[in-house]
Amino acid sequence: MLEGVLGRARFLIVDDEASNVRLLERLLELSKSGPVFSTTDPRRALSLFLSEQPDIVLLDLHMPYVDGFSLISQIKAALPACQYLPILVLTADVTPETRQRALGKGAHDFLTKPLDPDEVLVRIRNLLETRFLHLELQRQNDALERQVAERTAELEHTLERLQATQEQLVKQERLRALGMMASGIAHDFNNALTLILGHGELLRAYFESDVPAREREQFRLLMTAADDASHVVARLRDFYRPADQDELRVPVDVNLAIQQALVLTAPRWREECRAEGVQIHVETELAPVPTFLGHPPEFREVLTNLIFNAVDAMPTGGTLRFVTSCEDGQIHVRVQDTGVGMTEEESSRCLEPFFTTKGEQGTGLGLAAVYGFVQRYGGSVGIESRKGQGAVFTLALPASRGPGQEVQVPREVAVLPLRVLVVDDQEIIRHIISEMLQADGHFALPLADGVEVLRELAAGHWDVIISDQSMPRMTGAQLAAEVRALGVRVPIILLTGFGDEMRVKGGTPPGVDLLLSKPLTARGLREALKTVAALVPAR
Ligand code: ADP
Ligand code: MG
């Protein structure tokens, strides 16, 4: 490193005697030194120093206008404190006072005139070696400081991540503990409710006979309360139920589910809000994304819960926005609203069962169920919200296929999609039928009994009803009669089991357009719909 220090250095010579300057220039030139700048006018010295940035200054002391002492001070003032810039004083005045004064100002070494060339070179070289060592040290220091700063930033980042992970873990653990507690409570309550409802059913005939009206009403209230409670328990189950290995999982088309959930909830966010003079805009930005393995009706319920919460959060209207995307093998579903938002406390607790800010109106079970479902699919729920600034719920779901194999965004189906009410008291059957219809591009709403069908018919437009025959409260045939009595012309397909005596009797009940026997196949269902399609009343 110290090899050829003269060759690497830049020099500044300040001396009012031109012959001295020339001598030094010649000496340096012969020693193959780096660039040499010089002046005989000390008033130019500082600007030359600043513009040429020398590594050493050779300076005369006694000069007109500005003497060497002031120049040393000026140069020192122009340098950063930590810089070592050697100043070599050339003087004929060798009194101890002069030396001391120059050293006091910041000179580093002396040469007495007349100059001895060998000594000049040795002193210059010594000073330059120190200068370059200083520079190298400074370079290493800077590099070290940079490394320390980078490392500190990295550590801070890691710490932040750790803290976030820890918070997440605590939250997960809290939810897990709540889940266990909920499952215990639900189990005991379920047993009690089963007893209450079971004995209640046995007593129903008695209370519906000739007991006083007040007792009948008390019995009705009791049964309704027990029924409501059993619904709460059932919903609680959605939160804590562990993933079941045998659970039937099919690829779920996320974009389709969003569109269906929006149709399904339209009466709430469109009609109900409009009736109250409030407007909710719904926007979708659905990218082609892969499917995930799950249960389509369950997933629609997840979306429905999020939609209802968003609507609740926008009592004076606003925008509800769905965005789907695929990131790192995960499907992201963002559900964003411009509503009232949540405080930090609310957003950290909103997934807990029974956490609600809606008082009597809320159950606090919607998001707990969302969390439960998404957990079972191997996904996660992200929440971003500020009070007064809306909320964003992001569901991250593991894609069931490799990236690149994407499901197309559903377009308008070529055949006219039908809106079908599916009623069967067996949950699994009505869901399977609904899935078959949805796979063909229709919209299906599974319902548990005839009363719900009548309610849906009154509330909106439907194209076809597919009904099971044997149902406890109202049979399919009775339902058909009721529908016709209301003057509704929607075609009705009646599903009959193997043992249904009606088939043996051979007659198609009044109001029914087509009989279809179980077990049902997708093909049979398609044929049946084709048959009745002509009967669908115009919208
Ligand atoms: P519920 O709707 O019955 O209150 P949820 O579990 O669905 O129960 O929601 C729990 C709580 O989370 C709500 O009471 C509300 O405080 C908060 N919350 C949920 N979604 C939103 C949202 N989109 N905007 C603001 N707050 C919300
Ligand atoms: Mg809710």
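Atoms within a ligand are numbered from 1 in the order they appear, just like the ligands themselves. What you see below is based on every heavy atom in this structure, not just the backbone, and it leaves out hydrogens, waters and symmetry mates. Please read these numbers as outputs of a predicted model, since none were measured by experiment.
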(request) Inspect the surroundings of CZ in Arg204 and state if more than 12 heavy atoms from other residues, nucleotides or ligands are less than 6.0 Å away. (result) yes

(request) Tell me, please, if Thr356 has any N/O/S atom, main chain or side chain, under 2.8 Å from the Mg ion (ligand 2)? (result) no

(message) Return the closest protein heavy atom for atom 20 (N) of ligand 1 as residue, atom name and distance.
(response) Asn309 CB, 3.3 Å

(request) Pull out every atom of ligand 1 sitting under 4.0 Å from any heavy atom of Asp337, numbered as shown with elements. (result) 22 (C), 23 (N), 24 (N)

(message) Any atom of ligand 1 sitting under 4.0 Å from a heavy atom of Gly339?
(response) no

(request) Kindly compute the distance separating OG1 (Thr291) from CG (Leu397), expressed to the nearest 0.5 Å. (result) 11.0 Å

(message) Check the orientation of His295 and His431. Use parallel for under 30°, tilted for 30 to 60°, and perpendicular for over 60°.
(response) perpendicular

(message) To check your reading of the model: name the closest protein heavy atom to atom 12 (O) of ligand 1, its residue, and the distance in Å.
(response) Cys350 CB, 3.3 Å

(message) I'd like to know if Glu154 pairs up with Arg151 as an ion pair, taking the criterion as any Lys NZ or Arg NE/NH1/NH2 lying under 4.0 Å from an Asp or Glu carboxylate oxygen.
(response) yes

(message) Among all protein heavy atoms in this structure, tell me which lies nearest to atom 8 (O) of ligand 1, with the distance rounded to 0.1 Å.
(response) Gly364 CA, 3.2 Å

(request) Can you measure from CZ (Phe299) to CG (Leu395) and round to the nearest 0.5 angstrom? (result) 6.0 Å

(message) Among Thr265, Ile307, Leu262, which residue satisfies the side chain to side chain contact (heavy atoms under 4.5 Å, CB included) criterion with Val282?
(response) Leu262

(request) Inspect the contact between Arg484 and Asp513 and indicate whether a charged nitrogen and a carboxylate oxygen are less than 4.0 angstrom apart. (result) yes

(request) Please report the closest heavy-atom contact between Gly379 and Gln375, naming both atoms and the distance. (result) O-OE1, 3.8 Å

(message) Among all protein heavy atoms in this structure, tell me which lies nearest to atom 11 (C) of ligand 1, with the distance rounded to 0.1 Å.
(response) Phe355 O, 3.8 Å

(request) Among all protein heavy atoms, pick out the one at the shortest distance from atom 18 (N) of ligand 1; state its residue, atom name and that distance to 0.1 Å. (result) Met342 SD, 3.8 Å

(request) Check whether any side-chain heavy atom of Val532 sits under 4.5 Å from a side-chain heavy atom of Val536, and report yes or no. (result) no

(message) Any heavy-atom pair between the side chains of Tyr371 and Gln172 that's under 4.5 Å?
(response) yes

(message) Taking 4.0 Å as the limit for heavy-atom contacts, which would you say applies to Val370 with ligand 1: side chain only, backbone only, both, or neither?
(response) neither

(request) Could you tell me which atoms of ligand 1, counted from 1 in the order shown, lie closer than 4.0 angstrom to a heavy atom of Gly341? (result) 25 (C)

(message) Within the structure, is a non-hydrogen atom of Lys358 found at a distance of less than 4.0 Å from ligand 1?
(response) yes

(message) Which of the numbered atoms in ligand 1 are under 4.0 angstrom from any heavy atom belonging to Thr356?
(response) 1 (P), 4 (O), 14 (O)

(request) Answer yes when Glu346 and Lys387 have at least one side-chain N-carboxylate O distance shorter than 4.0 Å, and no when they do not. (result) yes

(message) With a 4.0 Å cut-off on heavy atoms, is Phe308 in contact with ligand 1?
(response) no

(request) Below 4.0 angstrom from a heavy atom of Leu367, which ligand 1 atoms are there? Numbered from 1 as shown, please. (result) 5 (P), 6 (O), 7 (O), 9 (O), 12 (O), 19 (C)

(message) Any atom of ligand 1 sitting under 4.0 Å from a heavy atom of Thr363?
(response) yes

(request) Considering only non-hydrogen protein atoms, determine which one is nearest to atom 24 (N) of ligand 1 and report residue, atom name and distance to 0.1 Å. (result) Ala313 CB, 3.4 Å

(message) Just to confirm my output: which protein heavy-atom neighbour is closest to atom 14 (O) of ligand 1, and how far is it?
(response) Thr357 N, 2.8 Å

